[in-house]
Amino acid sequence: ADIICLRARVVKVPVGPLVHVAGQAVSIRCDVSYYEGPRDQDFEWSLVLAGDKLLSLVSTFDSNFVDPSMRDRVNSGDINYNKLGDAAIELKFKKVRATDSGVYRCSTPSTDSVISGNYHADVELKVIGDSLKVAPAIPKSAVSEGESVELQCSATRGFTEHTFLSVTWSIRKGSSPVEEILTFGPDDKIKVGRNYTRRYTDGGFQLDLRGGGFYGLVLKRAKPSDQGEYVCTAQEWVRQGEEGRNWRKILEKSEEMGKVVVTPTGESHLILSSVHYHVSLLIVTTIMGLDSQNIGTLMTPLPTNLISSVPVLRVVAHRVREASTGGSTFEMSCRVTGQNLKNPGYSVLIRFEEILGGKSRKVLSLSQDSVLQLEEWSEPSRIDSVVLEKTGQLEYRFRLYGAQVTDRGFYYCDVTAWTRDQSQDWIKAISAESNKIEIAFVHTGPVFNISIHSEANNVLPGDTVQMKCIISILEASPNTGDMTFDVRWFQNTDWAVDNGVQPLISMDRWGVVKKTGSNDTSLERTDQHTFVLSLHKIQDRDVGEYYCTATPWLLSPATGAWNKEKDLTSTSSFLSVKMELWESLKMPVGYGLAAAVIAGLLSVLLGLAVAHCCFSKNPMHTPRPRNKLMDLEMD
């Protein structure tokens with residue numbers, strides 16, 4: 001049989017919300033496909049009001065379609081349409097207003113023989129004000145060669161939902177065009193200018209992202225070529241297209257930062273001529289600790305074999321990006337400086353301390369052969385949240401995406417230098433730790449409390465018992481989005497192996513229930529904050545203390561990421577199993593009767609055995625013949 005595939009009409013508009021700035025020209029496209037009838041299709045555009053009522057705007061076939069309240073704007077051309085083809089149209093705003101924010105509907109009259117598919121589609125338009133502000137600063141505009149130049153740029157905006165910022169640092173040298181140095185954002189990625197790639201990979205740049213709209217770029221070891229006029233440019237972006245794969249710029253502002261003057265010092269010539277005896281003298285006296293009396297003997301060029309061969313390793317950590325709120329990204333770099341190491345390789349281990357000086361936990365490591373390995377980062381859902389990469393010859397960068405409350409603490413680099421022996425195997429030379437960088441954002445989420453409730457603390461064998469784990473919100477936050485919980489139940493008994501604590505059953509934030517062992521339990525979520533544990537067919541082994549723990553997860557409205565809160569632990573509830581009188585006497589009475597019967601039987605058997613043994617085997621005993629008795633009776 002032939003299979004006939006009928007396609008239904010599809011009316012399509014862009015994925016919203018579409019964010020634009022007031023005063024700009026805006027166009028919204030609408031397409032129709034898989035339709036029957038004439039090739040040239042008609043369209044209508046309307047504004048969706050409360051209660052799904054429509055405010056008519058423009059129509060391709062009805063000149064009286066427009067609502068009287070919008071007629072002046074349509075007649076003036078401030079709102080109009082443009083046919084892009086037989087099956088496409090765009091609604092156009094010459095200068096969009098803040099009051100134009102809303103949901104717009106594109107409709108097509110039916111020309112199909114059978115009503116099938118969708119005949120209209122809606123898209124949301126958000127119109128924001130021009131609130132982007134750029135405030136640049138250069139704390140020290142005159143530096144010497146070899147010093148650092150700090151370029152500060154503060155970029156703020158009033159509307160943050162659905163919009164993202166990027167900041168670009170550029171330089172203008174004389175009459176030459178502006179040359180881009182580095183851009184950060186809008187996707188938290190770094191784009192380096194064509195002429196600055198080598199300097200970036202060598203660790204010549206340092207980003208200072210303190211949060212609150214502050215963006216800083218530090219040019220290390222300034223060169224005479226760094227002299228010029230600096231410009232800071234902030235751009236505001238929105239995502240568009242399917243799944244937000246494309247970026248669209250909606251606003252841009254640039255500000256002159258000022259001129260930087262770099263004074264040459266000839267330091268580079270001193271470094272290149274390090275074989276000069278003054279430099280040799282400085283190196284030797286520093287490493288070997290020689291006093292001034294011995295300096296006179298070293299006023300000639302020195303062979304390198306006199307320089308100390310003791311390896312030296314130093315690691316310095318810098319904050320690249322600060323995690324100012326939950327869900328934001330933390331980034332730090334670690335720069336390694338080694339001396340007296342022959343062709344070294346470096347392995348880097350990122351460590352974490354919840355409190356300064358406390359127990360450290362390994363996060364992830366990068367070996368001297370560039371093999372990345374997760375260490376004690378044990379959250380399966382956040383495996384991709386930590387990154388460690390080599391960004392320069394002697395620089396490593398650690399990145400933590402979507403920082404959680406549980407991630408707050410101190411991070412540092414534990415670096416080991418390796419050299420190769422004669423067989424080309426790696427051997428450990430020296431290790432060093434960097435300074436510690438803290439994640440310490442203020443927790444602005446709600447405050448939770450957890451409690452346990454049970455009405456049956458003393459039950460009979462075979463009964464079913466229910467206990468409730470109730471999570472309540474003590475302090476709500478106005479920016480709190482959706483929330484969900486991981487919930488776990490435990491029993492504290494004398495027979496459990498792990499310090500008396502026996503895991504029973506759990507439910508993750510997606511609602512998946514997992515049971516530990518062969519216990520007869522079930523777990524049910526009865527409302528958003530209540531999780532009920534059921535113990536079926538109670539036995540004496542169910543006696544003990546029960547408690548629950550919960551891990552809240554909050555959905556950030558700003559970033560759309562799930563943020564993990566601190567674990568909550570309830571108080572304990574004791575469950576005892578009540579035995580009836582016969583239940584309490586049945587076992588001892590049964591055992592007593594059985595013991596008495598067994599003891600009686602053993603006594604009888606023992607008596608018979610003894611009697612038989614004593615009378616049948618005694619040699620002094622002579623049985624009396626029966627015929628003698630008969631003779632006496634005859635007499």
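- Under the side-chain contact (heavy atoms from CB on, under 4.5 Å) criterion, Ser27 pairs with Glu90, Lys92, not counting sequence neighbours.
- Residue pairs meeting the ring-ring contact (aromatic ring centres under 6.0 Å, His included) criterion with at least one member in residues 42-77, sequence neighbours excluded, do not occur.
- For Asp122, the salt bridge (Lys or Arg N to Asp or Glu O under 4.0 Å) test picks out Arg105, with sequence neighbours left out.
- Leu374 meets the side-chain contact (heavy atoms from CB on, under 4.5 Å) test with Leu364, Trp377, Ile383, Val386; sequence neighbours excluded.
- By the side-chain contact (heavy atoms from CB on, under 4.5 Å) test, Ala137 is found to be paired with Gln152, residues two or more places apart in sequence or in another chain being considered.
- Asn75 meets the side-chain contact (heavy atoms from CB on, under 4.5 Å) test with Arg71; sequence neighbours excluded.
- Among residues two or more places apart in sequence or in another chain, the side chain to side chain donor-acceptor pair (under 3.5 Å) test is passed with Thr526 by none.
- Counting only residues at least two apart or on different chains, no salt bridge (Lys or Arg N to Asp or Glu O under 4.0 Å) pair has a member in residues 511-532.
- For His529, the ring pair (Phe, Tyr, Trp, His ring centres under 6.0 Å) partners two or more places apart in sequence, or in a different chain, are Phe485.
- Residues meeting the side chain to side chain donor-acceptor pair (under 3.5 Å) test with Glu322, sequence neighbours left out: none.
- Residues forming a side chain to side chain donor-acceptor pair (under 3.5 Å) with Ser101 (at least two apart in sequence, or on another chain): none.
- In this view, Phe93 and Tyr104 satisfy the ring pair (Phe, Tyr, Trp, His ring centres under 6.0 Å) rule, not counting sequence neighbours.
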